[in-house]
Each structure stands twice: as C-alpha cells, then as structure tokens.
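Okay, so here's the structure we're looking at.
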Amino acid sequence: MKKVYVIGAGPAGLTAAYELLKQSDAYDVTVLEESDAMGGISKTVNYKGNRMDMGGHRFFSKVPEVNEWWNNMLPLQGSPTYDDIVLHREMTLTPGGPDPEKEDRVMLRRNRVSRIYFKRKFFDYPISLKPETFANMGLLTTLEVGFSYLFSLVHKRKEHSLEDFYINRFGKKLYSMFFEHYTENLWGRHPSEIAPDWGAQRVKGLSIIAIIKDMFSKMIPGRENQAVETSLIEEFSYPKLGPGQLWDVTADEIRKMGGTILTGCLVTNLHKDTDNRITSLTYVHEGSPVTVEGDLFISSMPVKDLVAGMNDVPKRPAQIAAGLPYRDYMTVGLLLPKLNLKNKTKLKTIGNIVPDCWVYVHDRDVQLGRFQIYNNWSPYMIKDLQHTVWIGLEYFCFEGDKYWSMSDEDFTRFAVEEIVRMELIDSPADVMDSHVERVKKAYPAYFDTYKDIDTLVDYLKTIDNLYCVGRNGQHRYNNIDHSMVTSFETVKNIINGVKNKDNIWNVNTEKVYHEAKS
C-alpha cells in the first residue's frame, strides 16, 4: 500500500482522504491536523451549548457531485418550525426516545437573507432595485447612482484593480457607498491596491444588469429552471448543528474505512530528495518533532508555510511564497436577551428577530465588519432559543495587530461598545455571556507577491508527488465546494496515474461560479 499524508483536516483535506479511501484500497491514509477540531475555518465552536459558525457557511453549489456528496453525509430534512424544535428536544430527552446523534445528522433548508446595515438602515445585499432601496438612499443619491452607473456603461475602465472591477459593474457612486469602505475594512488595503481576481472569483456575473434580469425573471413562470447568480440565491442548505458537523461526520467515515486522523500535529517541514520528490515530512506533536516517510502528500496548509518548510526551493518561488499576504479573523460571540433591530420583512422568525443570517456593516464609525445571527443559521445552534439571541461580531485583522493582541476581555468590551453605538443593544449590561475566537490565515489576500503567483504554481506542479488543495493550499479564496472539487480532481489524478495537475489548479478559475459561501 502507498502511504499518503494529508495535511489539514479542513474541507479539502478531509474530502481528499475520504475520496481516496472510498475509491481504492491501495492507500494507507493519515490526516495531520494542527488543531483539535475538524473543518478548519468551517468548524463549529460549541460554547456552553451555544454554537458558533466561523465566518458563516452556506451550502449551495452548482456542482452536482458536491450536492450529492453533502446529501450522502447529511440528508436534507427541511425547514423546522419552533414547535418542531420543542417537540424534538422533548423526545430526545425522553428515555427510550430517538437517538439524538442519529436525529441530528441532517441538513436543514434555510432562507438566504443577508443585508447591508448602513447609516442605521437596511439595504438588500446585493443591492436591489425596489422602492425601499430608493427611499433609504433619498432622491438625490438615487439620481447620482443612476447617472454614475450609466457613465460606467459608456466609459469602461481597464481592470487593473478591484476598484476598476466594481466601478465597471456598479458605477462609482454605488461603489463608494457599498464596496469601497467594506473592502478596505475586510482586507486592510484600499480596493485600488488589490488585484481584480478577487472580484472575478467572488462576484462572477453579478452586476446591475444581473440584478435587473433576476428581478424580471421572478415574474416569469418556470423560473426555478433558470440559472441564477450565486449571490442572488434565496435558499441554501445548512447542517443542523453547524458546518463543523459535516466534517465531524466525514472524519468518522474516514476512520471507519481505516484512515487515521491525528490532531495536535503541526506540520513544519517537507523533505525533498535530489529528484525533486518529497520523501518525508516532519510534524510537531506535544512539543516533540516527528518525521515520517510517505509516497504521496496532499497539502491544504498555507502555501506560504508549505514552501518555507521545504528544502532546496529556487529563490524566486521562495520569495513569492514568503510574500503572500493573508487576512486574519476574530469573532466575539454575544448572548443577548434581544436585539433592538425590528423585523420589518415578510419572513417569520422565531422570536420575531430580523431574519438575516449575517449583516454587512458599512458604517464608517465602527471597525465591525459583519455580524451573524446564529439563531437564523439553525435554531438548533442556540441553547435557549425562546429567551436568547446568540450573535457573532466579526472583525478582520492582521495577526499581531492591536486588535489581535487585545485580551479577550478588552476586545469584547471594545466590540460591545461598538454595537451600543450602532444601537443594536441598549447598554453593555445587556450582554449575558461572551466568547472570543481567533482564526489565523482565514482569507488568502490578492496583493503584494500574489501578482506573481503563477510562477510559484508552476514550480509546485514540478513536484510530482505533492498536491495542493483547498483555499490556503492554493492561496485562492475558494468556497467549500471549490475546495472539495480541488480534492476530487486530485484523487482522480492519483488513482488514474495522471501527472499533469492543471485540472487541480484550474478549479474556480472559469467564469461560471459554483459556490458554498464562507
């Protein structure tokens, strides 16, 4: 049997391990994970019975193979009502009742609501062309937006930056209102300094024209058979106990098939021989280095760290890898008795809270980038659904900066002060409990040496027994399904003896968007 090491137990790593074991008995597979949790950034944190989704993950894909894979792991149940939830909890707590673990291994169907909070008002995301939008903007601003967009249709900019990309699709006025500040807050760089690739991957096909088409298509019978831009989808699937549940189930299946998953193992080095093949790797477990030999290596670890830990890397690829930037992430979970935001939509929610899964914050006077309402992702994420609202305040930062370096107590105090200023709650005394999570290298960024990444990729392709998969493995802002497809392609190549890796690296470079949002 060939010995395979998979680095990282996120979506890409676990998918690769599962598929390899499922499709062939010729491989001895070991997954090495730095943390003690499955799912990487897609993990679910359980804090005193209240669950947190790191970054928010919608399960929606235009790839049939991905949808079938998800459904096999967690069958679709539907949309639970509050009465369903109460009854289910009573039944699973009754001796001799349903097995909670078995009953919980399902996907729910959820409404997709994600709006923008700007100047204490809600705007649809993406921006819609309906009376409420124009009323919120006011007559003068609406006219400015219209003329600005018409100008962008006539005078197309060469797309040298993300700023050019957005202005071409929305006009300069809408860009300045809803893209410029948020993007700079997200990345720590002005959009004029960021390559347009990020927009091409995350908002492919989305524009004012696409929004208009979608608006009119809703009036046409048979719309369910039409293609829809991913950012305009209205429903998605979601694991009952959060995204980490899917990867916990996957990990269990890997173990059942004979695979090994080792946690607390930080991979530090990959050792190449004179033929440019990797022969072994070194990981640190409980403070001690361990070196193991292998035949094939599948890496979802950050490219920057991967290359830094390899010997005999040519100077230019090494420089490019060393200069690749990342944006890190912090979230503060807050347990509250209520939110001050009123539900003025037609959607019914448990407790009549606003129906949003997450809300993009565009106000210039706060650092907060987005907040999640976990009650709306899955009502099973909340311990006391009837009396509490569990939210996550999301901040984008750089590892080691002033926010990252704050103590949990100081950062929570800072975040609470911001949402009091935003009038989401009345005072800090409203907070019943809190929890802080930090995620390193959450978002691979598209500036600095990223412009030369093709040179680095060409070098990595020359190492024939190394396969780079997933978001950080390819330094590409992949969603869950993109990451999984890179692993599907990798396993196909391994089993069929295909040496060319272009199919693996070409995932998420085409113009048609897949998506499972993260």
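- Between C357 and Y374 the shortest side-chain heavy-atom distance does not fall below 4.5 Å.
- Nearest approach of P379 to L108, heavy atoms of both residues: CD-CD1, 4.3 Å.
- Residues E19 and W69 bring a donor and an acceptor atom of their side chains to less than 3.5 Å of each other.
- Taking a cutoff of 4.0 Å between a charged side-chain nitrogen and a carboxylate oxygen, E235 and R110 do not qualify as a salt bridge.
- Proximity of a side-chain donor or acceptor of R370 to a complementary backbone N or O of G55 within less than 3.5 Å is detected.
- Of all the heavy atoms in K62 and D481, the pair that sits closest is N-OD2, 4.5 Å.
- Counting only heavy atoms from C-beta outward, the side chains of D448 and P325 approach each other to under 4.5 Å.
- Taking the side chain as every heavy atom from C-beta outward, L76 and S237 approach each other to under 4.5 Å.
- No side-chain N or O of T279 forms a donor-acceptor pair with one of H271 less than 3.5 Å apart.
- In this structure, Y477 has its ring center at least 6.0 angstrom away from the ring center of Y446.
- The closest donor-acceptor contact from the side chain of E394 to the backbone of T331 lies at 3.5 Å or more, if one exists at all.
- Judged by the 6.0 Å and 45° rule, K3 forms a cation-pi pair with Y5.
- Close placement of the Y395 and F411 rings is indicated, their centers lying within 6.0 Å of each other.
- Under the 4.0 Å criterion applied to side-chain N and carboxylate O atoms, K272 and D312 are not assigned as salt-bridge partners.
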_Evaluation steps, side chain to side chain contact (heavy atoms under 4.5 Å, CB included), between Y329 and E437_ = CA-CA 8 Å; Y329 164 91; E437 285 284 329; 6.0 Å; no
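- With contacts defined as side-chain heavy-atom distances shorter than 4.5 Å, the pair R58/R112 qualifies.
- A salt bridge links D464 with R277; the closest basic N to acidic carboxylate O contact falls under 4.0 Å.
- Residues W187 and F396 place their aromatic rings such that the two centres sit no closer than 6.0 Å.
- Between S24 and I495, the closest heavy-atom pair is CB-CD1, 4.3 Å.
- Of the charged side-chain nitrogens involved, at least one lies within less than 4.0 Å of a carboxylate oxygen, so that D502 and K461 count as a salt-bridged pair.
- A salt bridge is absent between K43 and D53; no separation between the charged side-chain nitrogens and carboxylate oxygens falls under 4.0 Å.
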_Apply salt bridge (Lys or Arg N to Asp or Glu O under 4.0 Å) to residues D408 and R438 and explain how you reach the verdict._
CA-CA 10 Å; D408 288 356; R438 292 170 171 81; 2.6 Å; yes
*For H435 and N50, run side chain to side chain contact (heavy atoms under 4.5 Å, CB included): C-alpha distance rounded to whole Å, both residues' side-chain angles, the deciding distance at 0.1 Å, then the answer.*
CA-CA 10 Å; H435 179 69; N50 293 302; over 6 Å; no
*Evaluate the criterion side chain to side chain contact (heavy atoms under 4.5 Å, CB included) for residue pair M310 and V307; output intermediate values, then yes/no.*
CA-CA 5 Å; M310 288 197 296; V307 175; 4.2 Å; yes
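- The two residues L270 and N311 have their closest heavy-atom pair at O-OD1, 3.5 Å.
- For the pair N168/E159, a side-chain contact is recorded, criterion being any heavy-atom separation below 4.5 Å from C-beta on.
- Considering only heavy atoms from C-beta on, N472 stays 4.5 Å or farther from V303 through its side chain.
- Relative to the six-membered ring of Y47, R51 misses at least one condition, a distance below 6.0 Å or an angle of at most 45° to the axis.
- Between Y117 and Y360, a ring centre-to-centre spacing not shorter than 6.0 Å is recorded.
- Using a 3.5 Å distance cut-off with no hydrogens or angles, the side chains of S161 and S192 do not pair a donor with an acceptor.
- Aromatic ring centres of Y443 and Y326 lie farther apart than the 6.0 Å criterion allows.
- Within 6.0 Å of atom CG in D25, 12 or fewer heavy atoms from other residues, nucleotides or ligands are found, so the atom counts as exposed in its surroundings.
- The shortest distance between side-chain heavy atoms of V4 and L20 falls below 4.5 Å.
- Inter-residue side-chain proximity for E33 and L14 is flagged as unmet; no heavy-atom pair is nearer than 4.5 Å.
- For W70 against I480, the heavy-atom pair with the smallest separation is CZ2-CG2, 4.1 Å.
- The aromatic ring centroids of F236 and F59 lie 6.0 Å or more from each other.
- Between the side chains of N503 and N493, at least one donor N or O lies within less than 3.5 Å of an accepting N or O.
- No side-chain donor-acceptor contact under 3.5 Å links S280 to the backbone of E293.
- At a threshold of 4.0 Å, the pair K2-D28 does not count as salt-bridged, since none of the basic side-chain nitrogens sits closer than that to a carboxylate oxygen.
- A cation-pi arrangement is present between R327 and F398, with the terminal nitrogen or guanidinium carbon under 6.0 Å from the aromatic centre and inside a 45° cone about the axis.
- Judged by distance alone, the side chains of Q372 and W377 do bring a donor and an acceptor atom under 3.5 Å apart.
- Of all heavy-atom pairs spanning T449 and I320, the tightest one is OG1-O, 2.7 Å.
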*What's the verdict on side chain to side chain contact (heavy atoms under 4.5 Å, CB included) for M381 and N375, showing C-alpha distance, side-chain angles and the deciding distance?*
CA-CA 7 Å; M381 303 267 280; N375 302 53; over 6 Å; no
